[in-house]
Amino acid sequence: MITNRPRGTLDIVPEESVRWQYVESVAREICRRYGYGEIRTPVFEHTELFRRSVGEFTDVVEKEMYTFDDRGGRSLTLRPEGTAPAARLYLEERLYAGAGPAKIYYLSWPIFRYERPQAGRLRQHHQFGVECFGSHDPAVDAEIIALAWDFLGALGLDGLVVGINSMGCAGCRTGYREALRAHFSGHLEEMCEDCRRRHAQNPLRLLDCKRESCAPFIATAPAIADHLCEDCRADFSLLREYLGVLGVDCRLDSSLVRGFDYYTGTVFEITHDALGAQDVVCGGGRYDGLVETLGGDPSPGVGFGLGIERLLLILEREDVRPPGPDPLDAYLVCMGAEARRHAVGLLHRLRAAGVAADMDYMDRSFRAQLRRADRYPARFALILGEEELAAGTITVKDLAGGAQRTVGVDEAVALLCAGPPPGEDE
RNA sequence: GUGGCUGUAGCUCAGGCGGUUAGAGCGCCAGGUUGUGGCCCUGGAGGCCGGGGGUUCAAGUCCCCUCAGCCACCCCA
């Protein structure tokens, strides 16, 4: 059916977009406080950008990208994540040329992955992401995590868990990889098929297996923490110290390994139970080799991506009600064609003065117009009938309390602009 | 991509073992009130019972296919 939206996509109706706008306004405010500036990039990029950065053999690149050839024969891909485009922009717009570090964020970027949908997993979703390029100071890692934490906290959420780990630099990773191979090689017969494949291809992924049968071998596996070089170890302990200072309560999770190839060093996830199996609302980490991979001079970076739909899902399931829409200031209620003709002009005048005002266009009865005003909900009903018309006045009714009084039109406009409710005389 | 559950009014849902004009609550519209909303009462509109095919005298109900949502795996935000 052509009126059905494509699988795994969502429509956003006005009632819902209010919540998006609220979340977005909080994100903008937090970014402002932390000194990050917004970027916007095309929704599609050269396919090669993602192949190179995310990694040729990751699930996302292998089977989840929306890739197409344009009419000029270029292979383009709807972005499946935000960090690579941000890194591309960093290079293309030469953000490295300014005083470092480059602190940027993106808000509600559409992200596309061809996946099997379920709640919290869509083919098009939206992310809020923050990236910092140019510094390897662990204080920046801490800042990034704290920013995400503050943002979620500002929305009134709790029950969030921050998991962190260090995947080490390229150097410590090779040693660790061998240690993992050695540990698992004796148990391969008892482990799942995927794990046997991972053992050969990428032993780090072994830690990611969630099968019960593999769990005991993972539990006893060597921890990356024991295989970090001195620099990585120092960075990681400094990060944890900073997180303590920043009031971020985090959990060391040595099995935490992220799925994109560009991650190095710090990795972290923020999860919430309300999400079920897709429990990650925010994920990120360091990607010190990414910029170099894309052909730039080596430049470290840290960042995260945060799923807006998942966030909204948590808010809904936890019954955290963000501030609702501002009620309408005034709803014009008129009786008769003559009053209606006057109402059009008055409505315009109110709006020009900054008052949120509306009127009936459905030819409703007087009673129904008043009910409309109530349900909107509007703060005041402005009643315009024959009496008011003759006297050049209008009746201002406070819908919450029920008090009303009839005043001159100029006074009514002034009253609505000023805000305070009208007098109590009935 | 694999396995499972579910699709009935705008929303949340009820419809015994196939059987007459498919129901409720909320919402919407009108009236009860010649110029007063909310609460209450009365009435009304609104359904290709997700779509297609099949079995049957007869299908919302049974069978097959398909689409969509959900749950788990996988992966991730």
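Just the heavy atoms: all of them, side chains too, but no hydrogens, waters or symmetry mates, feed the values below.
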message: Applying a 4.0 Å non-hydrogen cut-off, can you work out what A/E115 is touching in the nucleic acid: base, sugar-phosphate, or nothing?
response: base
- prompt: Using a cut-off of 4.0 Å on non-hydrogen atoms, how would the nucleic acid contact of A/L122 be classed: base, sugar-phosphate, or nothing?
  reply: base
- prompt: Roughly how many Å is it from CZ in A/R7 to P in B/G69, rounded to a whole number?
  reply: 5 Å
task: Verify, without hydrogens or angle tests, whether A/R310 (side chain) and A/G120 (backbone) share a donor-acceptor contact under 3.5 angstrom.
output: yes
message: Tell me whether the side-chain N or O atoms of A/R116 pair up with the base of B/G3 as donor and acceptor below 3.5 Å, since no angle test is needed here.
response: yes
- prompt: Quantified in whole Å, what is the C1' atom distance between nucleotide B/A14 and nucleotide B/G23?
  reply: 7 Å
message: In whole Å, measure the gap between the C1' atoms of B/C41 and B/U55 for me.
response: 49 Å
message: Once you apply a heavy-atom cut-off of 4.0 Å, does A/F304 come out as touching a base, just sugar-phosphate, or nothing?
response: nothing
task: Answer with base, sugar-phosphate or nothing: what part of the nucleic acid does A/G129 contact at a heavy-atom distance below 4.0 Å?
output: nothing
query: Please give, in whole Å, the distance from B/A77 P to A/E131 CD?
result: 11 Å
- request: Answer yes or no: side-chain N or O of A/R121 and base N or O of B/C74 forming a donor-acceptor pair under 3.5 Å.
  value: yes
- request: Report which part of the nucleic acid A/G336 touches: base, sugar-phosphate, or nothing (heavy-atom distance under 4.0 Å, all strands).
  value: nothing
- line: B/S/- along nucleotides 25-39 of chain B (protein heavy atoms under 4.0 Å) is --SSSSBBB-BBBBS
task: In whole angstrom, give the distance that lies between atom CD of A/E15 and atom C1' of B/C11.
output: 10 Å
Can you give me every donor-acceptor pair (side chain of residues 334-342 of chain A, partner residue at least two apart or in another chain, under 3.5 Å) with its distance?
residue: A/E338; atom: OE1; partner: A/R341; partner atom: NH2; Å: 2.7
residue: A/R340; atom: NH1; partner: A/D360; partner atom: O; Å: 2.9
residue: A/R340; atom: NH2; partner: A/D360; partner atom: OD2; Å: 3.4
residue: A/H342; atom: ND1; partner: A/E338; partner atom: O; Å: 3.3

task: Measure the acute angle between the ring planes of A/Y262 and A/F260, then classify it against the limits of 30° and 60° as parallel, tilted or perpendicular.
output: tilted
query: How are the rings of A/Y34 and A/Y36 set relative to one another: parallel (under 30°), tilted (30 to 60°) or perpendicular (over 60°)?
result: tilted
statement: One should read off an interatomic distance between A/D141 CG and A/R286 CZ, to the nearest 0.5 angstrom, of 4.0 Å
field: Option passing side-chain contact (heavy atoms from CB on, under 4.5 Å) with A/I164 (candidates A/I270, A/V248, A/L243)
entry: A/L243
- request: May I ask you to say what A/A119 touches in the nucleic acid, namely base, sugar-phosphate or nothing, with a heavy-atom cut-off under 4.0 Å?
  value: sugar-phosphate
message: Donor-acceptor pair, distance only, cut-off 3.5 Å: does the side chain of A/T47 make one with the backbone of A/S75?
response: yes
Gap between atom CG of A/D235 and atom OH of A/Y242 - 0.5 Å precision: 9.5 Å
message: Ignoring hydrogens, what is the shortest heavy-atom contact between A/L246 and A/A146? Give both atom names and the distance.
response: CD1-CB, 3.7 Å
statement: All stems that RNA chain B takes part in, i.e. 3 or more consecutive Watson-Crick or G-U pairs with distances under 3.5 Å, are B:1-7 with B:67-73, B:10-13 with B:23-26, B:28-32 with B:40-44, B:50-54 with B:62-66
- request: Figure out the CE/P separation between A/M65 and B/A77, and round it to whole Å.
  value: 15 Å
field: Spacing between A/Q118 atom CD and B/U2 atom P, to the nearest angstrom
entry: 15 Å
